[in-house]
Amino acid sequence: MAKRVGMEVSLGVSEAVKVADVDVIAAYPITPQTHIVEHLAELVANGELDAEFIPVESEHSAMSSCVGSSATGARTYTASSSQGLALMHEILYIVPALRLPVVMTVANRALSGPINIWNDHSDIMSERDIGWVQTFAENGQEAFDLSIHAFRVAEDHSVLLPVIVNLDGFTLTHVVEPFEILDRAEVAKYLPPYKPVQRLDPEHPMTMGAVGIPEVYTEAKKQMEDALVRSKSVVIQAWKEFGDLFGRYYHPVETYKTEGAETLLLTMGSVSETAMTAIDKMREAGKKVGLVRFRLWRPFRFEQFVEAVKGIKNPAVMDRAMSPGGPCGPVAAEVRAALYDQPNRPKVFSFVAGLGGRDVQVSDFEEIVSRAEIYAEKGAPATYDLIGVREI
Amino acid sequence: MSTSSAIIGWKNLTLGCAILEPGSSRKLKTGEWRSQHPVLDKEKCIKCAICYIDCPDIAYSQNEEGYFIADMTYCKGCGICANECPKDAITMKMEEE
């Protein structure tokens, strides 16, 4: 039986990476980093994890090292955040293009300026189209479980794509939570050793990362996107098998008290737990409210989402990032797109909150719900509401 | 590989567009691009091999007499060899119809 321990969530993620038995970790250990790679460096140094830890000179080099490492067939991991993730940006597109199953934890934090490394989703919303599978954790246990799941999905021969596990910076990464730590033997039942389909090998020379002329580039992108779209079924199947083995089941779209709901909150990440408390409170007061949480952000599960919001009058999306100059928050935009073709589609209300580490409280969700109800009746603003912004 | 042989459907691409066959750049006949070509004056040539080293298309190889000669299948006429030759033994001549 797995042991239940209290541990900082960052260290818990490191333990997940350890029991996943990675071969190579490349990371740049400076702000904005987390204790994840710091603890992994300790685990490698003290012999608990037999892996190569490459302390590189920048996050750009960290992801570049991951490309090289994964290309040789090594199980490869890194973690990043905020400005660090932004510096990786150029290389992030190359990993899925080469079909390399790198796994990365992103501790979601704001992008400067003003200088800020507190929690929001600005960093990852800038990386929406990089072609990685992306999941969002709501708590420490999920961060641990999704990390193991990430390797399983990434290395599946019908996927062979990199995976990002998102977890909220500070709100999750720097807090101590109780969770069950699986050991190597248990994880081995779920996660077999990585068998690359192709790898760099001097005995069998091959080229990865060649030029894609205009006659090839479109087809190359199509091949990668096709794999990403098809990865949905592997993601879901791998979650089912995880649940069958360890008792915790996960789904691309999770619902909470949506039965009979008229106003629906839509969230992603750790605020979902605060949102659940808000829903409980509002339900007790007789309000018809429910909650939908996105766990799988890429590929986006239109079918499951549409099913989850069927019959809902007022979906209210809470984004934790802005799309300056755009029509709404980035998640709200996708939700609108997902519902556009539905018969009797509801209006989707867009709210942005919790930027740059500003606390999102139960009262904020109550505010969102009451505004959504008013907008449903009297018409909504053309863009979005920035919750909690001081006007004077 | 000429451009035309790259026109295949996405389902037929190798995983991640990897090139599985070593030395496939030999198939890229860059000589088709050429508008001028190098001409060697053997009187001036000291067989120093700088043209051979600097050629970006590895078009040069040494013949039996020890001179370095560019293979016109691959020479794309960039003129680096002529520019770098310490004895000005190479001159670039326009391709004629």
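All values reported here derive from a predicted model rather than from experimental measurement. In the text below, chain A, chain B and the rest are named by the order of the sequence lines, each starting its count at 1.
Of all non-hydrogen atoms in B:Trp10 and A:Gln223, the two that sit nearest each other are CE3-CA, 3.8 Å. Nearest heavy atoms, A:Ala220 versus B:Cys17: CB-SG, 3.5 Å.
At most 12 non-hydrogen atoms from other residues, nucleotides or ligands lie less than 6.0 angstrom from OH of A:Tyr217. No more than 12 heavy atoms of other residues, nucleotides or ligands sit less than 6.0 Å from atom CD of A:Glu225. Shown here is A:Asp226, whose CG atom has more than 12 heavy atoms of other residues, nucleotides or ligands within 6.0 Å. Other residues, nucleotides and ligands place no more than 12 heavy atoms under 6.0 Å from the CD1 atom of B:Ile58. Shown here is B:Gln62, whose CD atom has more than 12 heavy atoms of other residues, nucleotides or ligands within 6.0 Å.
Proximity to chain B is absent for every atom of A:Leu100, based on heavy atoms less than 4.5 angstrom apart.
Using a 4.5 Å heavy-atom threshold, the side chains of A:Met206 and B:Thr14 count as separate.
The CG atom of B:Leu15 lies 12.5 Å from the CE atom of A:Met224; values are rounded to the nearest 0.5 Å.
Side chain of A:Glu219 to backbone of B:Leu13: no donor-acceptor contact under 3.5 angstrom is found.
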